Amino acid sequence: DTGVSQDPRHKITKRGQNVTFRCDPISEHNRLYWYRQTLGQGPEFLTYFQNEAQLEKSRLLSDRFSAERPKGSFSTLEIQRTEQGDSAMYLCASSLAWASSTDTQYFGPGTRLTVL
Amino acid sequence: AQTVTQSQPEMSVQEAETVTLSCTYDTSESDYYLFWYKQPPSRQMILVIRQEAYKQQNATENRFSVNFQKAAKSFSLKISDSQLGDAAMYFCAYRTLLSGGGADGLTFGKGTHLIIQP
């Protein structure tokens, strides 16, 4: 299967700790997205990359959050000084986008973060 | 900012019957895309169907079809011949054609939990 993969699938951490998640997109997809999904809600957009460039960041992405996609392939999302409110499912999606087309986003299984 | 509303937190349908899930959205744009995604329990989100706003013809994918009413800003999903495997959360999502300003991500509704009764 060559779909979007995320690691780890589950992460439990104590408040104040730093955590890092990884996303491997579908091979050759040039766009990569991060979303956050809390219980009973739809996913909320956090940020996205076109190749290695981070093009958009939502207001939801506080200064404690940072995302990278250093070589335009996999991406990492780091949360520093975690808070209980960060507990959520973090979803990654990738797409192959041309200049004037819409891109269909393919989602990974998510990383479920629990902050104690 | 665009908003997406799914007014049915939960729907139940008998196996083999037809069910319609509602979605409305608010936008000032004329060109955009709409999607329905399915999220089975503990499994990843899967695209069910998509609709380009400039197309008048409603999209269909096998047992899944949409009723797109642009003027009413309505985008409902019809599932025919419901199967047990259709049980999932269904999310309606909007995507602008404009770039920048945080507009490139999908805007999702809160979802509808679909239950299939055997």
Side-chain angles (χ1 to χ4, degrees), chain A residues 1-7 9-10 23-26 30-51 53-61 67 88-112, chain B residues 1-10 21 23-25 29 31-55 59 61 75 77 88-113:
Chain A
D1 189 290
T2 56
V4 179
S5 62
Q6 292 186 245
D7 183 68
R9 295 291 305 276
H10 303 273
C23 171
D24 286 88
I26 294 172
N30 56 350
R31 285 191 175 178
L32 188 148
Y33 299 78
W34 285 100
Y35 292 84
R36 181 173 69 187
Q37 185 178 20
T38 53
L39 203 60
Q41 303 293 319
E44 296 172 294
F45 169 70
L46 293 177
T47 188
Y48 97 96
F49 293 83
Q50 174 109 352
N51 300 312
Q54 188 174 15
L55 295 187
E56 289 298 332
K57 291 196 289 185
S58 160
R59 293 185 206 91
L60 293 175
L61 212 67
M89 176 76 84
Y90 290 84
L91 297 171
C92 176
S94 73
S95 70
L96 181 61
W98 305 103
S100 60
S101 75
T102 191
D103 45 323
T104 294
Q105 296 179 30
Y106 296 88
F107 283 81
T111 293
R112 182 168 295 284
Chain B
Q2 295 82 21
T3 58
V4 176
T5 302
Q6 294 180 249
S7 59
Q8 306 153 318
E10 187 172 279
L21 308 184
C23 173
T24 58
Y25 56 95
E29 298 170 350
D31 289 324
Y32 47 85
Y33 294 88
L34 296 164
F35 304 83
W36 278 99
Y37 277 87
K38 167 186 176 181
Q39 189 176 40
S42 301
R43 293 181 63 187
Q44 63 206 75
M45 201 161 313
I46 303 164
L47 177 68
V48 174
I49 199 165
R50 82 176 206 185
Q51 173 82 41
E52 290 85 349
Y54 65 85
K55 290 186 178 179
E61 287 287 342
F75 183 61
L77 175 70
M89 284 293 291
Y90 284 80
F91 292 97
C92 178
Y94 173 103
R95 190 184 187 285
T96 182
L97 273 177
L98 300 175
S99 291
D104 287 86
L106 294 167
T107 300
F108 285 87
K110 290 188 175 182
T112 296
H113 181 211

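Source: prediction; values computed, not measured. Chain letters run A, B, ... following the sequence lines, proteins first, then strands; residues in each count from 1.
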A:Gln6 vs B:Gln44 side-chain heavy atoms within contact, under 4.5 Å: no

Quick one: are the ring centres of B:Phe108 and A:Phe45 less than 6.0 Å apart? no

Taking atom OH of A:Tyr106 as the centre, does the number of heavy atoms from other residues, nucleotides or ligands within less than 6.0 Å exceed 12? no

Modelled atom types, side-chain donor and acceptor of A:Gln37 and B:Gln39, under 3.5 Å: yes

Select one option (side chain, backbone, both, neither) describing which atoms of A:Leu91 are under 4.5 Å from chain B's heavy atoms. side chain

Provide the closest heavy-atom pair for A:Gln105 versus B:Tyr37 in the form atom of the first, atom of the second, distance. O-OH, 2.8 Å

Between A:Tyr35 and B:Leu106 the two heavy atoms that sit nearest each other are OH-N, 2.9 Å

For B:Thr112, which residues count as a side chain to side chain contact (heavy atoms under 4.5 Å, CB included) partner, sequence neighbours excluded? B:Gln6, B:Gln8, B:Met11, B:Leu21

